[in-house]
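The structure appears below as structure tokens.
Atoms within each ligand, like the ligands themselves, are counted from 1 in listed order. Hydrogens, waters and symmetry mates play no part in the numbers below; they use all other heavy atoms, side chains included.
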Amino acid sequence: MNGIELRNVTKRYGSDPSAPLAVKGISFEVPQGTLTTILGPSGCGKTTTLRMIAGLESPSSGQILMDGRDVTTLGPAERNVSMMFQSYALFPHMNVIENVAYGLRMGGVAKAAAHTRAADALRGVGLVGFDERLPSELSGGQQQRVALARALVLEPAVLLFDEPLSNLDARLRREMREEIRAIQQRLKLTVAYVTHDQSEALAVSDQIIVMDHGVIAQLGAPQALYGRPQSEFVAGFMGEAMVFAAVAREGGSVALGPLQFMPRHPVAPGAVKVAVRPEAWRIGEGEALPATLRKASYLGSYYEYSFETALGPVFVVSGDLARPLAAGASTALGLGEHGVSVVAQAPGG
Ligand SMILES: Nc1ncnc2c1ncn2[C@@H]1O[C@H](COP(=O)(O)OP(=O)(O)O)[C@@H](O)[C@H]1O
Ligand SMILES: [Mg+2]
């Protein structure tokens with residue numbers, strides 16, 4: 001196995017054995033040349049996990065392997081890993097080319113050679129003609145590119161990102177995430193990428209690991225996590241979903257009020273919960289749940305509707321711009337093929 005592998009890794013900060021675990025026995029692989037995001041709410045253990053991969057924190061138990069080699073006890077310098085942080089902390093007194101060449105110079109590369117490689121790295125991230133500028137003379141997006149070039153120029157086997165885009169505005173964030181993904185694919189880098197933003201994770205990942213309170217809630221391809229969440233937590237975290245009480249029948253079908261559907265996985269008969277994405281509802285089609293429109297909002301490329309139904313309020317997103325509904329309208333709702341999942345009960349719920 002190449003790439004990164006964590007085997008049953010735990011982390012407890014400090015020396016008090018009664019202190020809570022920040023990471024509670026997680027195992028996963030980041031296959032070589034692929035990008036895995038670690039996604040989850042603040043405090044769930046993302047940064048701790050990344051810092052253990054970098055060698056900046058040591059696990060309390062478990063093993064970390066890189067390219068099949070046990071690196072658990074090795075320091076950061078012995079791991080061929082580069083990390084890019086949320087605050088990209090360029091050296092303010094050094095110009096762009098010096099910032100990018102710094103790591104090479106520290107590694108003993110001669111100045112001229114280091115500057116040539118730094119210039120190549122800057123070209124690779126699309127920042128040409130700024131070599132002599134100071135960081136204070138650059139926009140946030142340009143500083144981000146310098147930080148990216150500074151990480152890439154070291155040609156690490158593994159590149160780690162900790163919420164690298166959270167200081168940028170929405171448009172720039174989209175542009176930079178596409179760029180990071182393109183560079184990762186072009187150079188076939190092995191990347192672990194921490195974010196709390198589900199759309200960022202969906203956009204860039206080969207694999208997503210959703211963490212919750214120090215454990216892995218679910219792991220898989222973006223389509224699997226969005227389309228087949230296994231828990232209410234993952235359904236809610238991977239995008240909007242409303243969760244309804246439903247009943248699984250003997251024959252395998254699930255009854256959601258007057259609606260029926262066949263779950264993708266066999267479900268034991270009894271009470272279940274069903275998560276429905278707002279785009280999964282079909283308005284005025286199929287088997288029907290009578291619904292009265294309470295509120296309609298036009299958002300340019302789609303409508304948001306709030307219906308009143310026997311199941312309670314139902315939130316629906318509709319791309320049908322040609323036939324908008326007006327508040328007060330009576331219609332019926334059905335379920336589409338995608339975006340309907342039977343999920344595990346939330347703990348305590
Ligand atoms: N240096 C530290 N010392 C003690 N506790 C820490 C330290 N760093 C993080 N923690 C705790 O570990 C848990 C996970 O933190 P962290 O990995 O930073 O989460 P995330 O990056 O997902 O927001 C949190 O409860 C946090 O308070
Ligand atoms: Mg963090």
Side-chain angles (χ1 to χ4, degrees), residues 4-30 35-64 66 71-76 79 81-89 140 143-144 147-148 151 158-168 170 173 176-177 180 191-205 207-220 222 225 229 231-239 346-348:
I4 311 167
E5 184 178 356
L6 274 72
R7 291 187 186 160
N8 211 13
V9 169
T10 67
K11 176 65 183 179
R12 171 178 280 123
Y13 284 103
S15 50
D16 179 358
S18 67
L21 289 168
V23 171
K24 302 172 184 165
I26 60 172
S27 301
F28 64 83
E29 293 178 9
V30 182
L35 191 156
T36 289
T37 51
I38 302 172
L39 174 69
S42 178
C44 71
K46 304 182 297 294
T47 294
T48 302
T49 301
L50 206 66
R51 288 175 60 85
M52 289 192 286
I53 297 172
L56 297 167
E57 297 287 351
S58 45
S60 303
S61 66
Q63 279 181 300
I64 298 177
M66 283 183 188
V71 299
T72 314
T73 59
L74 298 185
R79 294 195 185 188
V81 163
S82 275
M83 184 152 167
M84 187 169 150
F85 300 92
Q86 179 172 346
S87 55
Y88 23 91
Q143 291 182 37
Q144 196 75 38
L148 186 56
V158 167
L159 201 50
L160 307 175
F161 293 94
D162 192 357
E163 313 223 10
L165 309 183
S166 47
N167 294 333
L168 304 179
R173 225 166 31 231
M176 283 304 293
R177 80 186 185 205
I180 288 173
V191 173
Y193 186 108
V194 162
T195 180
H196 64 269
D197 180 337
Q198 54 93 14
S199 55
E200 197 169 302
L202 288 170
V204 301
S205 309
Q207 170 179 252
I208 299 176
I209 295 170
V210 179
M211 285 186 72
D212 182 22
H213 290 96
V215 299
I216 294 176
Q218 192 174 342
L219 159 166
L225 284 196
S231 64
E232 196 172 337
F233 174 79
V234 173
F237 202 79
M238 291 309 299

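Nearest to atom 24 (C) of ligand 1 by heavy atom, out of Ser42, Gly43, Gly45, Cys44, is Gly43.
At a cut-off of 2.8 Å, Ser42 is not counted among the residues with an N, O or S atom near the Mg ion (ligand 2).
Atoms of ligand 1 lying under 4.0 Å from at least one heavy atom of Thr47, given by number and element, are 17 (O), 18 (O), 20 (P), 21 (O). Using a 4.0 Å cut-off to heavy atoms of Thr48, the atoms of ligand 1 that qualify are 14 (C), 15 (O), 16 (P), 17 (O).
Atom 26 (C) of ligand 1 lies below 4.0 Å from none of the non-hydrogen atoms of the protein. For atom 17 (O) of ligand 1, the nearest protein heavy atom lies closer than 4.0 Å.
In this view, Arg12 satisfies the salt bridge (Lys or Arg N to Asp or Glu O under 4.0 Å) rule with no residue, not counting sequence neighbours. Listed by chain and residue number, Lys11, Arg51 satisfy the salt bridge (Lys or Arg N to Asp or Glu O under 4.0 Å) test with Glu57 (two or more places apart in sequence, or in another chain).
At a cut-off of 3.5 Å, with distance as the only test, a side-chain donor of Ser205 or Thr37 sits close to an acceptor on the other residue.
For the pair Met84 and Leu148, the minimum side-chain heavy-atom distance is below 4.5 Å. You'll find the side chain of Ile53 reaches within 4.5 Å of the side chain of Met66, heavy atoms only.
For atom 10 (N) of ligand 1, the closest heavy atom belonging to the protein is Tyr13 CE1, 3.4 Å. Closest to atom 12 (O) of ligand 1 among all protein heavy atoms lies Ala22 CB, 3.4 Å.
Scanning both residues, Arg177 and Ala203, for their nearest heavy atoms gives NE-CB, 3.5 Å. A pairwise comparison of heavy atoms in Thr72 and Ile64 identifies OG1-N, 2.9 Å as the closest pair.
Of the N or O atoms in Lys46, one or more lie within a sub-3.5 Å distance of an N or O in ligand 1.
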